[in-house]
Every structure is written in structure tokens, then in C-alpha cells.
Amino acid sequence: MMVRHILLALLLFMAAVPAIAQNICIECKGVGSLPCPSKKCKDTVVFGTKTDFKTDAIWGEACCRGIQKVLCAKCQNPIARAEIENELTMRKSWVDRMRKFDEECGTKFSHVETEQWILHYSIPQWKIGDATLNRVKASYVWAVRLDSVSSLMRAALQQTPPGKCTSFLVATRDEQKRTTLTQQGVGRDAQAFNTYGVPSSGAKFTTRPMPPDMTVDDGFHPHVAHNATHILTQATYGFIQEFPSWLDEGMSHWVELQLFEKATTFCFHELAPGKDPWRQNDWRKNIYSAVAAKKDLAFATILTHDMDKLTVQEKAYTWSYVEFLIATNGPKFPTLFSELKKDKDTKKALQKALGWSTVQFQEEWRKHVLKTYAP
């Protein structure tokens with residue numbers, strides 16, 4: 001009797017299987033969506049980097065806005081429909097917000113949002129090595145480059161700004177004037193124009209590849225990295241007016257040397273007209289020679305100088321001070337930095353973070369230079 005019941009149960013189960021199978025969509029296998037048939041919405045790989053960030057070039061494609069799937073028309077799965085429609089709505093809203101910048105600035109941008117940056121990029125073509133990239137593909141590369149700057153800063157400071165900073169990389173003088181006027185409140189057309197603050201209240205910069213040096217990648221890339229660092233320096237651990245120039249400028253040159261092994265960016269308001277031999281010299285070699293000869297500049301003097309008073313030689317020293325602090329006191333460097341954001345008094349911050357006077361700082365720095373900068 002028991003065997004008969006088991007057999008009957010098996011027969012009933014097997015008879016029910018086709019009925020259940022009939023409810024599963026043949027097209028999508030029950031998931032409720034199908035791969036998007038379009039090729040325009042696919043992520044692009046540029047120089048080995050997959051563009052997995054927000055970009056209007058992909059999110060603006062109405063087929064699927066880059067989610068790479070469409071609703072299955074046959075089964076109309078309500079759960080899949082809700083998920084897809086919510087995602088499409090969110091992406092369209094982002095694209096609409098970004099493209100308002102085109103209207104406000106009178107410029108056709110490619111818009112990219114990464115982990116730390118929102119980039120608006122209008123340069124039609126850009127050459128990197130032997131490759132000439134169109135506006136969209138070049139914007140991906142510049143977005144990755146901005147995030148690389150953020151990664152260096154995050155490693156040094158153990159914190160990032162509370163939000164995303166903004167960069168406008170534009171093609172022409174007129175575009176720069178319109179963009180700075182509409183987005184930063186003042187029309188400027190010379191080199192970079194930076195607006196400092198935390199991301200919610202500013203934290204943005206606008207620049208363009210100006211002749212003679214910045215029309216090529218080797219010149220423009222360091223310039224962008226330098227100014228991006230200024231924005232991050234001012235925005236990390238909060239914003240304070242008149243943040244010490246020695247650390248602000250030192251951070252930007254530190255990032256330049258980390259990425260390019262030399263400093264090439266000297267803004268017009270930071271450098272008096274004429275040639276300065278420190279522009280082209282080997283900073284490590286020159287600073288080592290000065291320290292070895294006991295002719296190095298005084299830290300206590302340099303820390304009192306505003307940005308527009310720093311000579312290129314003094315900028316080299318600010319880089320060296322930052323390099324020294326990060327190399328030898330890395331875990332304490334964020335404390336020093338954050339203390340300066342509270343008070344902007346270098347002497348007090350040094351004492352609180354490291355227990356040093358400015359004289360002790362100079363002595364410890366000199367030891368580091370003699371030990372690590374020797375040819």
C-alpha cells in the first residue's frame with residue numbers, strides 16, 4: 001500500500017511539471033529582461049580602463065541608458081519592470097542635470113562623474129601619445145586622471161572631501177570666460193580659475209590648454225593635476241580661509257612629482273615674469289646641495305609667505321617639506337593637516353601633531369634631505 005501511494009505521488013508531481021514550466025517565459029527564462037541589442041550603450045575601454053562611471057555618452061542612450069538590458073515584452077515581469085524603470089528614471093534625471101551645464105555655458109560638454117569628481121569636458125580632440133581621442137573618449141581618460149590625483153591625496157591625508165569636486169576642462173578662451181562667469185561668478189580666461197570651499201559650496205576649477213606649453217598632453221596633464229590638488233587640499237578636513245600657502249602649494253607640487261617626477265606648473269599669480277633657473281633644475285639635487293653647504297632657506301620664513309610671494313625656489317622647498325612629512329611622519333601627517341584647518345597656525349600645529357618647534361622641524365628635515373636626496 002505504501003509503495004502504491006509513493007508511485008501515485010510521483011505521477012501527480014510529474015504531471016504538474018509541464019504546467020509549471022508553461023509559466024516560465026521562453027525568451028528571458030523568467031528573469032524579466034533581455035540583453036539590450038544596441039551597441040551604443042556599451043561601456044568603452046580606453047587605454048585599458050573600463051568606463052564604469054556615470055557618463056552622458058552612455059547614460060544618454062535611450063535604448064537602455066547603459067544598464068545593458070531591456071524589459072522582456074513577452075512576460076512583463078512586474079518586479080523586473082519596476083527595477084528597470086527606476087534605474088532608467090534615475091539615469092535620465094542625471095543626464096538632464098548634466099546637460100543643463102551645456103545650456104548655461106553655451107558649450108557642448110561630455111559629462112563624467114567618478115568616485116570623487118564631476119567632470120565637464122569640451123575639448124573636441126586630444127592627443128595622448130600616438131592616439132588622438134575624440135571628446136567623449138578623452139573625457140574618460142581625464143576622469144580617470146582626476147581620480148588618480150584623489151587617490152594620492154586620500155592615501156596621504158586618510159580622508160576625502162565630503163562630496164564631489166568639479167572640473168571644467170574647456171577648449172577655448174570664450175568657453176572659459178562663459179564657464180567661469182556662469183559657474184564661478186567671475187569671467188576669467190587666463191590659465192586656471194579655482195573656486196575653493198567644500199564641494200557643497202564650491203570646490204571647482206576651470207582651465208583650458210593654453211599655448212605655448214599646455215597644448216600638448218605632457219604640459220596640460222601636470223597643470224590639471226596641480227590645480228585638482230589645490231581643490232582637494234582646500235576641501236579636505238573642511239575649508240578655512242587663508243590656509244597656509246607653504247602646505248597648499250607643497251601638496252600640489254608633491255602630487256606633480258609623484259605622477260611626473262618633476263614640477264612644471266607655475267601659475268601667473270604664483271610666478272613673477274622672467275625666467276627662473278629653479279623651473280628646470282633638479283629640485284632634489286639643488287636642495288641637497290644647499291643643505292650640505294648649510295645654505296638652505298629658513299622654514300620659519302617660508303611659512304609666512306602668501307602664495308603670490310613664493311618664488312620657484314621656495315616652492316621647491318615647500319614640496320620638500322611635504323615629501324619629508326609624508327615619508328617620515330605619514331601616520332601623523334593627517335593630524336598636522338587637520339590642525340592647520342582648525343587654526344592655520346603652523347607653529348601650533350607642528351607642536352600639537354609632532355611636538356616640534358619650527359627650528360626642530362628644520363633640523364629633522366635637514367637630516368632627511370642629507371640621508372635621502374644624495375646623488
Side-chain angles (χ1 to χ4, degrees), residues 43-44 46-47 49-60 66 91 94-95 97-102 104-105 107 109-123 126 128 133 135-171 175-176 179-180 182-184 192-209 217 220-239 248 251-252 254-256 258-260 265:
D43 286 343
T44 303
V46 181
F47 294 151
T49 300
K50 185 178 179 181
T51 60
D52 55 353
F53 29 62
K54 299 176 182 177
T55 166
D56 71 315
I58 294 175
W59 285 29
R91 293 189 176 212
W94 181 86
V95 171
R97 290 199 310 273
M98 292 299 106
R99 289 183 175 169
K100 285 183 179 179
F101 289 98
D102 297 21
E104 294 171 358
C105 301
T107 299
F109 290 113
S110 285
H111 307 278
V112 185
E113 183 173 334
T114 72
E115 179 183 357
Q116 189 65 51
W117 287 90
I118 298 174
L119 168 65
H120 310 285
Y121 182 86
S122 70
I123 303 170
W126 191 252
I128 301 176
L133 305 180
R135 174 173 48 80
V136 172
K137 289 186 177 181
S139 71
Y140 301 157
V141 174
W142 284 106
V144 172
R145 287 173 167 183
L146 287 170
D147 266 9
S148 296
V149 174
S150 291
S151 294
L152 284 172
M153 293 289 284
R154 180 168 54 244
L157 298 176
Q158 296 300 302
Q159 194 175 106
T160 57
K164 300 185 180 185
C165 302
T166 301
S167 173
F168 295 90
L169 303 186
V170 299
E175 287 181 356
Q176 188 173 10
T179 299
T180 53
T182 59
Q183 305 305 316
Q184 296 170 272
F193 183 52
N194 301 344
T195 301
Y196 295 133
V198 294
S200 61
S201 62
K204 63 185 70 172
F205 75 100
T206 302
T207 192
R208 62 187 169 95
D217 194 57
F220 194 46
H221 187 184
H223 170 79
V224 171
H226 182 100
N227 284 284
T229 305
H230 276 313
I231 299 299
L232 294 168
T233 297
Q234 294 283 344
T236 306
Y237 288 101
F239 172 71
D248 187 4
M251 290 299 301
S252 285
W254 176 77
V255 166
E256 275 193 273
Q258 290 292 109
L259 292 175
F260 312 107
T265 301

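No side-chain donor-acceptor contact under 3.5 Å links Lys204 to the backbone of Cys165. Put simply, the side chain of Tyr237 gets close to the backbone of Leu157: a donor and an acceptor are under 3.5 Å apart. A donor-acceptor contact shorter than 3.5 Å is absent between the side chain of Thr236 and the backbone of Thr233. Looking at Thr229, its side chain never comes within 3.5 Å of a backbone N or O of Val255 through a donor-acceptor pair. Here the side chain of Thr180 pairs a donor or acceptor atom with the backbone of Gln176 at under 3.5 angstrom. When atom types are taken as modelled, the side chain of Glu175 and the backbone of Ala171 share a donor-acceptor pair closer than 3.5 angstrom. Between the side chain of Ser139 and the backbone N or O of Val136 there is at least one donor-acceptor pair closer than 3.5 Å.
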side-chain contact (heavy atoms from CB on, under 4.5 Å) assessment of Thr55 paired with Ile58: CA-CA 6 Å; Thr55 166; Ile58 294 175; 3.9 Å; yes
Run the side-chain contact (heavy atoms from CB on, under 4.5 Å) test on Leu119 and His111 for me, step by step, so that the C-alpha distance in whole Å, both residues' side-chain angles and the decisive distance to 0.1 Å come before the verdict. CA-CA 6 Å; Leu119 168 65; His111 307 278; over 6 Å; no
Please step through side-chain contact (heavy atoms from CB on, under 4.5 Å) for the pair His226 and Met251, ending with a clear verdict. CA-CA 9 Å; His226 182 100; Met251 290 299 301; over 6 Å; no
For Asp56 and Trp94, what are the C-alpha separation, side-chain angles and deciding distance, and is it a side-chain contact (heavy atoms from CB on, under 4.5 Å)? CA-CA 8 Å; Asp56 71 315; Trp94 181 86; 4.1 Å; yes
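Using the six-membered ring where Trp is involved, Phe220 and His223 have ring planes that are parallel, under 30° apart on the 30 and 60° scheme. Ring geometry for Trp117 against Phe205 counts as perpendicular: the plane angle is over 60°, on a 0 to 90° scale with 30° as the lower cut. Under the 30°/60° scheme for interplanar angles, the aromatic rings of Phe101 and His120 are found to be tilted.
Of all non-hydrogen atoms in Gln184 and Phe193, the two that sit nearest each other are NE2-O, 3.0 Å. Shortest non-hydrogen contact noted between Gly60 and Val95 is N-CG2, 3.8 Å. Shown here for Tyr140 and Ala57, the closest heavy-atom pair between the two residues is OH-CB, 3.5 Å. In this structure, Ala143 and Thr114 approach most closely via the heavy-atom pair CB-CG2, 3.6 Å. Considering all non-hydrogen atoms of both residues, His221 and Trp142 come closest at CA-CH2, 3.6 Å.
Look at Arg154 and Asp147 and you find no salt bridge, because none of the NZ, NE, NH1 or NH2 atoms lies under 4.0 Å from a carboxylate O.
Note that the CZ atom of Arg135 and the CG atom of Leu169 stand 13.0 Å from one another [nearest 0.5 Å]. Taken to the nearest 0.5 Å, the CD atom of Glu113 stands 11.0 Å off from the CZ atom of Phe53. For the atom pair Lys100 NZ and Cys105 SG, the distance stands at 13.5 Å (nearest 0.5 Å).
Checking Thr207, Asn194, Thr265, Thr206 one by one against Asn227, the side-chain hydrogen bond (donor to acceptor under 3.5 Å, both in side chains) holds for a single residue, Asn194.
The shortest distance between side-chain heavy atoms of Glu256 and Pro222 falls below 4.5 Å. Side-chain atoms of Pro161 and Leu232, non-hydrogen and from C-beta on, do get closer than 4.5 Å to each other. Two residues are said to be in side-chain contact when any heavy atoms from C-beta on lie closer than 4.5 Å; Glu115 and Ser150 fail this criterion. The closest side-chain heavy-atom distance from Gln116 to Thr160 is below 4.5 Å. The shortest side-chain heavy-atom distance between Leu146 and Ser167 falls under the 4.5 Å cut-off. Contact check for Phe109 versus Ile123: no side-chain heavy atoms found under the 4.5 Å cut-off. A 4.5 Å side-chain heavy-atom check between Pro162 and Ser200 finds every atom pair outside the cut-off. Counting heavy atoms from C-beta on, the side chains of Tyr196 and His230 come closer than 4.5 Å.
Shown here is Lys164, whose NZ atom has more than 12 heavy atoms of other residues, nucleotides or ligands within 6.0 Å.
There is no side-chain donor-acceptor pair under 3.5 Å between Thr182 and Glu104.
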